[in-house]
Amino acid sequence: MLEGLKTQIHLSTFTTWKIGGFAQYLVEPNLYESIEAVRWADNNKLSVYFLGNGSNILIDDTGLPGLVIVTRNSLMGLRREADYIIAESGVFLPHLSKFAAREGFSGFEFLIGIPGTVGGAIAMNAGLTVFRPREMTAIVQDFDVLNLDGSIETLTMDDVNAEYRHTDLLDGKRLILQARFRLDEAGDPTEIKRNTFEHLAERKRKQPLDKPTAGSTFKSPPGSKGAGWYIEQSGLKGFQVGGARVSPVHANWIENLGSATAADVRNLIDHIQATVDKRMSISLEPEVIFLS
Ligand SMILES: Cc1cc2nc3c(=O)[nH]c(=O)nc-3n(C[C@H](O)[C@H](O)[C@H](O)COP(=O)(O)OP(=O)(O)OC[C@H]3O[C@@H](n4cnc5c(N)ncnc54)[C@H](O)[C@@H]3O)c2cc1C
């Protein structure tokens, strides 16, 4: 049996939406245990799912049949080596942002308000389109991935065809173990910290951070308007399905009012897409990842 293996774990506490069915198996491995975990799943012919902080995923109410590998509590190593920062994939992005500021690395400020892990952010090519636009491609030098057969390789963001909120890693066939971030621009730590916290204050004013959400539900469509603008113009701000509601603060965010199921959120997403398409002739593509 695999060290630290848990069974029938409810996944709602592993996502920021606080939604999700049971994991058949769940493990929170360190670097070496990760290799054993994927081999164990392979030997037992089980599907494997990767979770960082669960801040961009909707897990089906029926749960995940197979092995869920969670990184946020176990792959947390973080250090500086010359002009690079090495972070394991479970490192929380705000923690990386503060560490970079202390070390005088400018350009990591945008991570302060993104409640994900290094692995999730690389897989998503997370970033900002507002405030000061920037994404992971700007700071990632390269990263180590574990393939499902237990082999390890080093890849760059180009190798995984990173584009706006997408990389090939979202096919779920490679676990990011750790990443190397480069120092592009040195700065004064005090000034970097000030910029970082100004950015955070701006986000707090404009986003519903007191509710369980997954941030932006849809990607920005081409053009200058964000998805939230189209949703609001379609009259959907505050629209509710079961326990899921279009945020009255920011229409591209869906709030769990306490009892939302994944089905409520899926139905609300379908309704938003159909309504915006009909009223504004705009096709909205989900940014959130559906796991089932
Ligand atoms: C309040 C709030 C604000 C947000 N703001 C932003 C924002 O400004 N910009 C932005 O881009 N996003 C934002 N998000 C969404 C989310 O935080 C990011 O997409 C984040 O990078 C996801 O990281 P995670 O660790 O939570 O990934 P998860 O949600 O756990 O996973 C996302 C995807 O990555 C995969 N994955 C996770 N870890 C690994 C790994 N180690 N190896 C391989 N695949 C992995 C998962 O299987 C899944 O497909 C926000 C979310 C919230 C709740």
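What you see is a predicted model; the values in this text were computed from it and never measured. For ligands, and for the atoms within them, numbers begin at 1 and follow the listed sequence.
- Hydrophobic cluster membership for Phe197: Ile112, Leu200 (Ile, Leu, Val, Met, Phe, Trp, Tyr linked by side-chain heavy atoms under 4.5 Å, directly or transitively).
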Without placing hydrogens or testing angles, list every side-chain donor-acceptor pair under 3.5 Å for residues 59-70, not counting sequence neighbours.
unit_1: Asp60; atom_1: OD2; unit_2: Thr62; atom_2: N; d: 3.0
unit_1: Asp60; atom_1: OD2; unit_2: Thr62; atom_2: OG1; d: 2.6
unit_1: Asp61; atom_1: OD1; unit_2: Ala262; atom_2: N; d: 2.7
unit_1: Asp61; atom_1: OD2; unit_2: Ala262; atom_2: N; d: 3.3
unit_1: Asp61; atom_1: OD2; unit_2: Ala263; atom_2: N; d: 3.0

Identify each donor-acceptor pair in which a side-chain atom of residues 172-180 lies under 3.5 Å from a protein atom, sequence neighbours left out, and give them as a table.
unit_1: Gln178; atom_1: NE2; unit_2: Asp144; atom_2: OD2; d: 3.2
unit_1: Arg180; atom_1: NE; unit_2: Asp142; atom_2: OD1; d: 3.1
unit_1: Arg180; atom_1: NH2; unit_2: Asp142; atom_2: OD2; d: 3.0

Are any protein N/O atoms closer than 3.5 Å to the N/O atoms of ligand 1? If there are, list each pair with names and the distance to one decimal place.
unit_1: ligand 1; atom_1: 5 (N); unit_2: Arg203; atom_2: NH2; d: 2.8
unit_1: ligand 1; atom_1: 8 (O); unit_2: Arg203; atom_2: NH1; d: 3.0
unit_1: ligand 1; atom_1: 8 (O); unit_2: Arg203; atom_2: NH2; d: 3.2
unit_1: ligand 1; atom_1: 9 (N); unit_2: Gly127; atom_2: O; d: 2.6
unit_1: ligand 1; atom_1: 11 (O); unit_2: Gly127; atom_2: N; d: 2.9
unit_1: ligand 1; atom_1: 11 (O); unit_2: Gly127; atom_2: O; d: 3.2
unit_1: ligand 1; atom_1: 11 (O); unit_2: Arg165; atom_2: NE; d: 3.2
unit_1: ligand 1; atom_1: 17 (O); unit_2: Ser55; atom_2: OG; d: 2.7
unit_1: ligand 1; atom_1: 21 (O); unit_2: Ala121; atom_2: N; d: 3.4
unit_1: ligand 1; atom_1: 25 (O); unit_2: Asn53; atom_2: N; d: 2.9
unit_1: ligand 1; atom_1: 25 (O); unit_2: Thr117; atom_2: N; d: 2.8
unit_1: ligand 1; atom_1: 25 (O); unit_2: Thr117; atom_2: OG1; d: 2.6
unit_1: ligand 1; atom_1: 26 (O); unit_2: Asn53; atom_2: N; d: 3.3
unit_1: ligand 1; atom_1: 26 (O); unit_2: Gly54; atom_2: N; d: 3.2
unit_1: ligand 1; atom_1: 26 (O); unit_2: Ser55; atom_2: N; d: 2.8
unit_1: ligand 1; atom_1: 26 (O); unit_2: Ser55; atom_2: OG; d: 2.6
unit_1: ligand 1; atom_1: 29 (O); unit_2: Ser55; atom_2: N; d: 3.0
unit_1: ligand 1; atom_1: 29 (O); unit_2: Asn56; atom_2: N; d: 2.8
unit_1: ligand 1; atom_1: 30 (O); unit_2: Gly52; atom_2: N; d: 2.8
unit_1: ligand 1; atom_1: 30 (O); unit_2: Gly54; atom_2: N; d: 2.8
unit_1: ligand 1; atom_1: 38 (N); unit_2: Gly120; atom_2: N; d: 3.4
unit_1: ligand 1; atom_1: 41 (N); unit_2: Ile176; atom_2: O; d: 3.2
unit_1: ligand 1; atom_1: 42 (N); unit_2: Ile176; atom_2: N; d: 2.8
unit_1: ligand 1; atom_1: 47 (O); unit_2: Phe50; atom_2: O; d: 2.7

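- Between Trp40 and Tyr25, the ring-plane angle classifies as perpendicular under the 30° and 60° cut-offs.
- Closest non-hydrogen pair, Leu291 versus Phe50, comes out as CD1-O, 4.5 Å.
- For the atom pair Leu209 CG and Arg203 CZ, the distance stands at 7.0 Å (nearest 0.5 Å).
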